Number of protein chains: 2
Amino acid sequence: MKPKLTLKKIAKELDVSISTVSKALRDSPEIGEETREKIKAFAKHYNYKPNNIALSLKNRKTKTIGIIIPEIVHHFFTTVISGVEKVANEMGYNVLVCLSDNSFDKEVLNMEMLANGSTDGFILSLAKETMQKGDYHHLIEAINQGMPLVLFDRVVEDISCDKVIIDDVTGGKKAVQYLVDIGCKKIALISTVDYVSVGKLRTKGYKDALEENGISVNEDLILKIEEMEDSEAEIEQFLKEKDVDGVFAVNEHFAISAIKTIQEQGKKVPDDVSVIGFTDGELSKRFIPSLTTVSQHGMRIGEESARLLIEKLERTPSEEEYYKTIIVETGLVTRNSTKSKK
Amino acid sequence: MKPKLTLKKIAKELDVSISTVSKALRDSPEIGEETREKIKAFAKHYNYKPNNIALSLKNRKTKTIGIIIPEIVHHFFTTVISGVEKVANEMGYNVLVCLSDNSFDKEVLNMEMLANGSTDGFILSLAKETMQKGDYHHLIEAINQGMPLVLFDRVVEDISCDKVIIDDVTGGKKAVQYLVDIGCKKIALISTVDYVSVGKLRTKGYKDALEENGISVNEDLILKIEEMEDSEAEIEQFLKEKDVDGVFAVNEHFAISAIKTIQEQGKKVPDDVSVIGFTDGELSKRFIPSLTTVSQHGMRIGEESARLLIEKLERTPSEEEYYKTIIVETGLVTRNSTKSKK
DNA sequence: TACTACAACGAAAACGTTTTCGTGTTGAAA
DNA sequence: TTTCAACACGAAAACGTTTTCGTTGTAGTA
């Protein structure tokens, strides 16, 4: 086990000073050609690589960005990570991934860990608990300390920073409009509680679409689910009591639970009831019937977030502050859980 | 934007030396009580947190571990990450996640990046291309430099390091034995090419089980798939030609493609053909019919890997080298894609 | 008084870099 | 011979810590 080669060791071995070695390796014209070549050859031969930590300390940049997500076992978030990783790597950055487990405390802890020099900036999607509490002091603190922050997906209005979101309202509208277009009259909504911003916004899209088509909103056809755990039972209960011909669910799981319930009641999807989900995951694609969904392009979201963050990081401090919000448009992927358009 | 507080600034502010501040904050008895309290109060009030980078440089440990996986958009790997993250955090470590995209070059690049001080050790699952090439010089180099390495899932015999694997042979055997038990006679195998070690091992399990039950192995009933992309077509082609009553697929995707094909041929799952997959993902659970699978506990694998690595990291160098291989046992989760046992 | 002992603190090195600012050696111009 | 660039290199500071080893000042002892 040979310890890592350092400038100091090279200097000693070649009987020159540390500064000479450093300069030679960085092709400084200060160093004579002969010496330079000798040093470079030596370094190459013994595979010298500068120590990142020392560089970080010197430059006061770590060249790594931290991403904190509520949960990783979730297709959408992994595609986002994938996107972040891709552009980060292209720009010479590393990615530190932390999980908040949807817990406020873990989110704060993670941020504190990363803020002490481990990371140049953050990409973050808020924990459910954080949104519920409405306590964002940790975000504000990070920003005050000069750490750029990009919020994605689960964002919050009153923090001034870059944001990358999808247009949930329009996404929801598209879905419901499609249901209307294929002839659905009694369209149910299965959503989450309102403090999860996406639930709220998609609900708005649902209502908007109905109103635009002259259909009055029936609160009776709206189910708001608090706990993921008992979602299946709640959905079953809900759908049993209603007579609907279309369902818009704000995520894959709800959509699939809905389909199961509907089928168990002896009705057919899509012949009797059409179902549309949100988030285009593996599940939607391979479920039978495969799911028509509003697709949010996680990869794109990740890419845009990383680009936004790195832009801030590499901007000269003289340039003035400004914050962007990028809206990544949604698509509607039509598959077999909806009747075809006439 | 206030810059970060440092020992130096505290020292200046309180008109003492840097060493005094450092010692006071670490509760050294060298410092008089009065001074100590004053310094601690100041630090607390202005929320001083030591700079991780400086600590890393000083201690020559980063307290972060790197995990390199072939792809993140894959339920199994995310559960592994989740497990790693969990125990890493408990032990005060951060997790750097890198993606190799199944590319040899990216894997090497990632390791080089992380090896230069960013990370104290590695957790790694080999890229497909790496296994194909059989080139492991980057692993050996890392080990030689004194970086502990834990290989998981896709491991390779001839590297001496800690390993965490599942017993693929036994896993495969369990699945096929189950098929035999429920009365299947003509059992097909849908596997990957042999250089993917898991494919090879699960194939061995398949053959072993057949032989133990006195059924001769028919190579005609074995399909080896090279490219994920055209797997669906290949499976369709394959199953169309064969007459089988049981299918063992080495992953979820193959299993689901098989079910689709079977259903399209007008046969019923599980009544006419029983299907078992490998890896217990979201897909298996929610697919209709839900999939009977061999479950590999990704979370457990991640936890064990992290534990193994951290153990190595915190071991005093005097203790002698030894390498463990932990085998995480598989389970068989029976659902609706197989007939019930009589 | 002269010494010792201890308490309380500071200086400096070290981790591995980069960079600024010398400094000594050349060769050529005056 | 002197003077002055240009050249080639080295010393040292800085990034933010921790830690070893002084260095004070004071009190206690003989």
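The sequence lines fix the lettering, A, B, ..., with proteins before strands; numbering per chain opens at 1. Source: prediction; values computed, not measured.
When the side-chain nitrogen and oxygen atoms of A/Arg60 are compared with OP1 and OP2 of D/dA14, none of them lie within a distance under 4.0 Å. Residue B/Tyr48 places at least one side-chain N or O under 4.0 Å from the OP1 or OP2 atom of D/dT17. Regarding contacts with the backbone of D/dT18, a side-chain N or O of B/Ser22 is found under 4.0 angstrom from either OP1 or OP2.
Environment of OH in A/Tyr323: crowded, with over 12 heavy atoms of neighbouring residues, nucleotides or ligands closer than 6.0 Å. Atom CG of B/Asp15 is surrounded by 12 or fewer heavy atoms from other residues, nucleotides or ligands within 6.0 Å.
Taking 3.5 Å as the limit, the base of D/dG10 and the side chain of A/Lys23 contain a donor-acceptor pair of atoms between them. Between the side chain of A/Ser19 and the base of D/dA11, a donor-acceptor pair under 3.5 Å is found. B/Lys8 contributes no side-chain N or O that forms a donor-acceptor pair with the base of D/dT17 under 3.5 Å.
Rounded to 10 degrees, the angle separating the terminal helix axes of the helix from C/dT1-D/dA30 to C/dA30-D/dT1, each built from five base pairs, is 90°.
Rounding to the nearest 0.5 Å places CD1 of A/Ile65 at 9.0 Å from CD of A/Glu85. Expressed to the nearest 0.5 Å, how far SG of B/Cys98 lies from CD1 of B/Ile67 amounts to 10.0 Å.
Minimum heavy-atom separation, B/Tyr322 to B/Lys324: CE1-CE, 3.9 Å. Between A/Pro70 and A/Arg154, the shortest heavy-atom distance links the atoms CG-NH1, 3.6 Å.
Rounded to an integer number of Å, the gap from CG of B/Leu5 to C1' of D/dT17 is 14 Å. Atoms CD1 (B/Ile18) and C1' (D/dA14) sit 12 Å apart, rounded to a whole Å. One interatomic measurement links the two molecules: NZ of A/Lys63 to P of C/dT17, which rounds to 18 Å at whole-angstrom precision. One atom, NZ of A/Lys58, and another, P of D/dG16, lie 11 Å apart when rounded to the nearest Å. For A/Ile39 and C/dT18, the CD1 to P distance is 13 Å, given to the nearest whole Å. In this structure, A/Asn52 places its CG atom 18 Å from P of C/dC15, rounding to the nearest Å. Computed from coordinates, the B/Leu57 CG to D/dT19 P distance equals 14 Å when rounded to whole Å. The separation between B/Leu7 atom CG and C/dA11 atom C1' is 15 Å, rounded to whole Å.
Ion pairing between a basic and an acidic side chain is recognised when a charged N comes within 4.0 Å of a carboxylate O; B/Lys86 and A/Asp101 show no such pairing. Checked for salt-bridge contact, A/Glu13 and A/Lys9 miss the test: no charged N lies under 4.0 Å from a carboxylate O.
Sorted by residue number, the members of residues 27-36 of chain A with any non-hydrogen atom under 4.0 Å from DNA chain D read A/Glu30, A/Ile31, A/Gly32, A/Thr35.
Comparing B/Asp15 and A/Thr6 by the nucleotide of DNA chain C whose heavy atom lies nearest to each, the residue mapping closer to the 5' end is B/Asp15.
Of the listed nucleotides (C/dC9, C/dT18, D/dA11), C/dT18 has the atom at the smallest distance from the side chain of A/Leu55. Closest to the B/Arg26 side chain, of the nucleotides C/dT17, D/dT18, D/dG10, is D/dT18.
Note: B/Phe152 and B/Phe76 have tilted aromatic rings, judged against thresholds of 30 and 60 degrees for the angle between ring planes.
Applying the side chain to side chain donor-acceptor pair (under 3.5 Å) test between B/Asp135 and each of B/His138, B/His137, B/Lys133 identifies B/His137 as the sole match.
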